[in-house]
Amino acid sequence: MKKALFLDRDGVINRLVKYGNGWDCPQTPKDVKLVERIEKIIFWVNQNKILVVEISNQPGVAKGKIDQKTSDEIERKVHQLLKENGAFVDKTYICPHHPQAVVPELKKVCDCRKPKPGLILKASEELGINLKKSIFLGDKASDVNAAKNAGVKSLIYLHNEDESNKNEEAKRAQADFRASSVNETLQILKNFFKIK
Ligand SMILES: [Mg+2]
Ligand SMILES: [Zn+2]
């Protein structure tokens, strides 16, 4: 059984973007920017033979904000930027659904939209992950709660690179660990995975 770092995408790997109607995930590939030094964290995990598994809600297509092609291009850009910085995600799991979707085939109350644990459980089955020895790096309560619902420890990353009121809400989520810098995050991961 393998160990894994599960991580959220928007607000953890790439920054949220401020648009006219507020903060959102990138709506076009050119708006994709990595959260500062996130590649250092992912690189460290890669080097230590721990799986890196992205667990992401992406309801943009369901809500009619972007088309599938654009959504795929944005996802590719995120991974391209990581690769250019020497880090990689082993596998990505995405929930494309939304209960109020305007696209009928994506309108559903699914088991995979965080805070539901569906994607984490699926990854665990497919990749042979020991959930008790794994941890979820997120930036929102829905990440913390998805981790809890799957029996995975949670680490909330409170950086200041995007939405300013996000951190206050995130602090109220009962995460097992909290970090506000790359170095703090790395230290917590080193202790958790018992690697010097
Ligand atoms: Mg997020
Ligand atoms: Zn879903």
Side-chain angles (χ1 to χ4, degrees), residues 5-19 22-27 31-39 41-42 52-66 68 71-72 74-75 77-79 81-82 89 91-126 135-150 152 154-180 182 185:
L5 172 72
F6 293 103
L7 82 178
D8 174 45
R9 195 192 84 182
D10 299 307
V12 174
I13 302 179
N14 58 276
R15 297 183 201 183
L16 300 175
V17 183
K18 194 167 194 178
Y19 292 107
W23 291 90
D24 207 337
C25 61
Q27 305 290 295
D31 290 343
V32 176
K33 306 265 186 316
L34 294 183
V35 168
E36 197 181 1
R37 296 174 70 226
I38 187 65
E39 73 276 8
I41 296 170
I42 299 176
V52 178
V53 182
E54 177 184 322
I55 302 286
S56 181
N57 289 348
Q58 291 299 336
V61 177
K63 289 176 172 176
K65 291 200 223 171
I66 53 174
Q68 190 60 52
S71 179
D72 294 344
I74 293 164
E75 187 67 36
K77 181 73 181 285
V78 171
H79 294 279
L81 290 180
L82 283 178
V89 169
K91 193 153 183 193
T92 297
Y93 290 86
I94 291 174
C95 166
H97 310 112
H98 196 275
Q100 279 96 44
V102 297
V103 176
E105 57 272 32
L106 295 173
K107 183 176 159 103
K108 78 187 249 201
V109 178
C110 62
D111 295 323
C112 54
R113 183 173 163 79
K114 295 176 289 183
K116 299 259 184 76
L119 294 180
I120 300 174
L121 300 178
K122 188 178 177 196
S124 165
E125 264 183 48
E126 287 186 358
I135 189 165
F136 197 115
L137 179 63
D139 69 329
K140 280 192 173 170
S142 56
D143 298 320
V144 171
N145 292 327
K148 269 193 188 144
N149 290 333
V152 172
S154 56
L155 162 53
I156 201 111
Y157 185 18
L158 306 164
H159 61 76
N160 295 312
E161 289 183 56
D162 49 47
E163 202 175 353
S164 56
N165 57 8
K166 190 175 77 175
N167 286 349
E168 291 314 308
E169 188 201 324
K171 279 181 192 163
R172 286 196 293 275
Q174 302 288 310
D176 297 291
F177 306 96
R178 246 192 231 174
S180 43
V182 168
T185 305

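Residues: numbered from 1 along the sequence shown. This one's a predicted model, so the numbers in the text were calculated from it and none came from an experiment. Counting starts at 1 for both ligands and their atoms, in listed order.
Considering just the N/O/S atoms of Asp10, the one nearest the Mg ion (ligand 1) carries the name O. Summary: OD1 is the N/O/S atom of Asp139 found nearest to the Mg ion (ligand 1). Distances from the Mg ion (ligand 1) to the N/O/S atoms of Asp8 are shortest for OD2.
Every residue two or more places apart in sequence or in another chain was checked for a ring pair (Phe, Tyr, Trp, His ring centres under 6.0 Å) with His79, and none qualifies.
Distance check, rounded to the nearest 0.5 Å: CD1 of Ile135 to OG1 of Thr185 gives 9.5 Å. Atom CD of Glu126 and atom NZ of Lys91 lie 4.0 Å apart (nearest 0.5 Å). Note that the CD1 atom of Ile55 and the OH atom of Tyr93 stand 7.5 Å from one another [nearest 0.5 Å]. Leu34 contributes atom CG, which lies 9.5 Å from atom CD of Glu161 (distance to the nearest 0.5 angstrom).
Only protein N, O or S atoms were considered, and those under 2.8 Å from the Zn ion (ligand 2) are Cys95 SG, His97 ND1, Cys110 SG, Cys112 SG.
In this structure, the side chain of Glu168 does not engage the main chain of Lys166 through any donor-acceptor pair within 3.5 Å.
Closest non-hydrogen pair, Ile94 versus Thr92, comes out as CG1-CG2, 3.8 Å.
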